[in-house]
Amino acid sequence: MTDQELARRENLKKIRELGVEPFPYRFAFSHRAADVRLLGEGKQGDELKELGTFAVAGRVVAYRSSGKTAFLNIQDDHERLQVYLRRDDEVNEAGTTPGQGEAIWPVVKILDLGDFIGVRGRLMRTKTGELTLQAVGPEGFELLGKSVRPLPFPKVEETKDDTGKVVGRKTFQSSLFSDVEARYRQRYADLAVNPEVANVFRLRTAIIQEVRAYLLDHTFLEVETPTLQAVYGGASARPFVTHHNALDIPLYLRISNELYLKRLIAGGFDRVFEFVKDFRNEGIDRTHNPEFTQVEFYQAYADYNDMMVHFQAIWQRAAKAVLKLKARRSALSRGVSADGLAKEFAEIEAGQVPVVYQGRELTTFFKDWERLPVKTALKRKGVDIDASSDQDLKDLIKNNHWELDGVFSRGRAMMLAFEELCEPELWEPAFVMDHPLESTPLCKVHRNDPTLVERFEPAIAGMEVGNSYSELNDPIVQRRLLEEQVERGRGGEDETHPLDEDFLRAMEYGMPPMGGVGIGIDRMTMILTDQASIRDVLLFPLQKPE
RNA sequence: GAUUCGGUAGCUCAGUCGGUAGAGCAGCGGCCUUUUAAGCCGUGGGUCGAGGGUUCAAAUCCCUCCCGAGUCACCA
């Protein structure tokens, strides 16, 4: 144990010896720090007094003691408030304010950063004008939870000269805790000391709520389907395998919920959606985590064109919500008045405030997104798929030293060329659409081109952020395509991709035409909250065990 | 999987050519009844990611491994 942990345990012992319980059961707070600040805004002396008494609870994040008084900053739900404690009564023109007294004062003196406390009292302003909660009387201070391990509080900001030599350091309390590994492993500590990190996760929740609100507004029914599946499907990915003891069968964590939502459409619901955790047993990088969140929705009697409308509307709605929350949050520090904020909201609503990702603006975000057929994109790069022979395509690959894995097909060549020539340049929102037939077995053939399917994958800031089809509902064709996929699976070294007979049975009973969409919530959050890594939008990203 | 960078005090970091392991903040002991990077005086704290090697001597050089981040590859 470190000296600091020992010191804190010693403090814990002293507190008990003083007859004070360091881990009491509850504290009835009256306001959060944010509400206190709002109520106290612009008010002085007597006006503050008239607001009456406040009870606020939070964690001690700064402690400045000068003998028989102490100024603390406490933080609750990531807002901060200064509180003022004193041992003795304060007597001045305004009257007498009881202090906390000699009985409790020794506890105040040995508070540690990270302790949770409750403070009851009234508001005042210090001579520098900071709104402060002054504890009143012995009941004005309560220890609510002792911290016996120091939080990673301070950050040092260095000043360097021209040669890069450190010539000065500034230390701030409660600023960035920057060891990224520790931040991911100990997210609780990260959140406790980095309010900006906490805010990303508030925004993530806001995004999810906007998506849900949109779907509910459009009469989609929220449903739940199995995470544990005996037959996995709906995507091409390696699954996590587990085992059910009582039934003695293998079960798989879902890689997708697509086939279940389609069963529900067959069952007569005509619009369904589900937020799901999907699990894919693959690599981890800046845009991939083994478990990730998607929302999938299916709409009967619709096609992929209808789904593009939804997709764009959902993203734009969520983005506006995020921009408003960001504007509101920073309004005070930017000196923006209530009227000013209302004006900003109107601008956001009108799509005049840009979405910026990693320092680069998404200029067409609030316009209609480009619909970009793969063949069209390639034509712009001088590759005319329809006018090219198989040999032309093989030469194109060979001359560019690209690598096509698997056997040659026109579709594979087309996607390879797209990935090499077009994908790196994608930044503005675009519906990449009309992929080759062999790209997926779950999609309808394109109504105007038998070599393509009616699929789109939206790309924003160079990331794939979703997937959508005019869903295949012909059970005869579906069986053939799935069987072909099973055959291909057997060729590989990995586990076979089993045929979902039950899904085919549902389709054989009859399925309406439908459009389906999956939206990756994690990447959506990355873009809308301007985070570079998926780990920064997951509260607990997967890490190797310590 | 390949490759680059990183891992030194609770935190953020420095550590030259291989020669007794450092700073600021945090901590501890004092002083201080309006502080806010509080201040002043004093002071403790290290398995230098792990293991092995070279050397009189290793945080530093060499090898292996672990953990993390980035890039590339893989993942329709």
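Quantities reported herein were computed from a predicted structural model and do not represent experimental measurements.
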Whole-Å gap separating P (B/A26) and CG (A/Asp112):
13 Å
Distance between the P atoms of B/G29 and B/U16, in whole angstroms?
36 Å
Of all residues at least two apart in sequence or in a different chain, which pass the ring pair (Phe, Tyr, Trp, His ring centres under 6.0 Å) check with A/Tyr84?
A/Phe71
Just checking, A/Lys262 and A/Phe503: is the charged tip under 6.0 Å from the six-membered ring centre and within 45° of the axis?
no
Roughly, in whole Å, what's the span from OH in A/Tyr63 to C1' in B/G39?
15 Å
Base, sugar-phosphate, or nothing: which does A/Asn92 touch, judged by heavy atoms less than 4.0 Å apart?
nothing
Protein-nucleotide distance (A/Leu81, atom CG; B/U35, atom P), rounded to Å
18 Å
Check: A/Gln4 side chain, B/G10 base, donor-acceptor under 3.5 Å:
yes
Donor-acceptor pair (no angle test) under 3.5 Å: A/Thr126 side chain, B/U35 base
yes
Please name the nucleotide paired to B/U3 by Watson-Crick or G-U wobble geometry with both distances under 3.5 Å, or report none.
B/G70
With sequence neighbours left out, what residues match A/Tyr304 under ring pair (Phe, Tyr, Trp, His ring centres under 6.0 Å)?
none
Can you tell if the side chain of A/Val374 reaches within under 4.5 Å of the side chain of A/Met414, non-hydrogen atoms only?
yes
Whole-Å C1' distance, B/C41 and B/U60
37 Å
Sequence neighbours excluded, the answer for side-chain contact (heavy atoms from CB on, under 4.5 Å) partners of A/Leu542 is A/Ile284, A/Asn289, A/Pro290
For RNA chain B, find the residues of residues 31-41 of chain A with a heavy-atom distance under 4.0 Å and give them by number; none if there aren't any.
none
Whether each nucleotide of nucleotides 68-76 of chain B has a protein heavy atom under 4.0 Å at its base (B), only at its sugar-phosphate (S) or at neither (-) is summarised, 5' to 3', as SSSS--BBB
How would you list, by chain and number, every residue that makes a salt bridge (charged side-chain N to carboxylate O under 4.0 Å, His left out) with A/Glu403, sequence neighbours excluded?
none
Expressed in whole Å, how much space separates the C1' atoms belonging to B/U64 and B/C72?
25 Å
Look at the side chain of A/Glu130 against the base of B/U35 and say whether a donor-acceptor pair falls under 3.5 Å; ignore hydrogens and angles.
no
Interatomic distance where CG belongs to A/Asn11 and P belongs to B/C28 [whole Å]
6 Å
For B/A23, which nucleotide is its Watson-Crick or G-U wobble mate, given both distances must be under 3.5 Å?
B/U12
Under 3.5 Å, is there a donor-acceptor pair linking the side chains of A/Arg371 and A/Thr376?
no
Across all chains, not counting sequence neighbours, the side-chain contact (heavy atoms from CB on, under 4.5 Å) partners of A/Pro22 are A/Leu12, A/Ile15, A/Arg16, A/Leu143, A/Lys146
Who passes side-chain contact (heavy atoms from CB on, under 4.5 Å) against A/Pro98, sequence neighbours left out?
A/Asp89, A/Val136
For A/Glu142, all residues meeting side chain to side chain donor-acceptor pair (under 3.5 Å), sequence neighbours excluded:
A/Arg120
Looking only at N and O atoms, is any donor in the side chain of A/Arg86 or the base of B/U33 less than 3.5 Å from an acceptor on the other one?
yes
Using the salt bridge (charged side-chain N to carboxylate O under 4.0 Å, His left out) criterion, which residues pair with A/Arg455? Sequence neighbours excluded.
A/Glu457
From CG of A/Leu72 over to C1' of B/U34, roughly how many Å is that when rounded to an integer?
14 Å
Taking A/Gln186 for its side chain and A/Arg183 for its backbone only, find out whether a donor-acceptor pair lies under 3.5 Å.
no
When the C1' atoms of B/G42 and B/G49 are considered, how many whole Å apart are they?
35 Å
Mate of B/C61 where both pairing distances stay under 3.5 Å, Watson-Crick or G-U:
B/G53
Same-atom distance (C1') from B/C63 to B/G45, integer angstrom:
33 Å
Once each nucleotide of nucleotides 46-51 of chain B is scored for protein heavy atoms under 4.0 Å, what B/S/- sequence comes out, 5' to 3'?
------
Using the P atom on both, measure B/A58 against B/G53 and round to a whole Å.
12 Å
Given B/U35, B/C32, B/G10, which nucleotide is nearest the side-chain atoms of A/Ser65?
B/C32
Would you please name every residue forming a side-chain contact (heavy atoms from CB on, under 4.5 Å) with A/Ala198, sequence neighbours left out?
A/His78, A/Leu191
Whole-Å distance between B/C40 P and A/Arg64 CZ?
16 Å
Work out how far the P atom of B/C48 is from that of B/A9, and round it to whole angstrom.
10 Å
Taking side chain as C-beta onward, heavy atoms only, is A/Ile74 less than 4.5 Å from A/Arg80?
no
Pair assignment for B/U33, Watson-Crick or G-U wobble, requiring both distances under 3.5 Å:
none
In this structure, how many angstroms lie between the P atom of B/C11 and the CG atom of A/Asn194, rounded?
14 Å
Answer for the Watson-Crick or wobble partner of B/G46, both distances under 3.5 Å, is none
Say we look at B/A2 and B/C28: how far apart would their C1' atoms be, to the nearest angstrom?
50 Å
Starting at atom CG of A/Leu85, determine the distance to atom C1' of B/U33, rounded to an integer number of angstrom.
12 Å
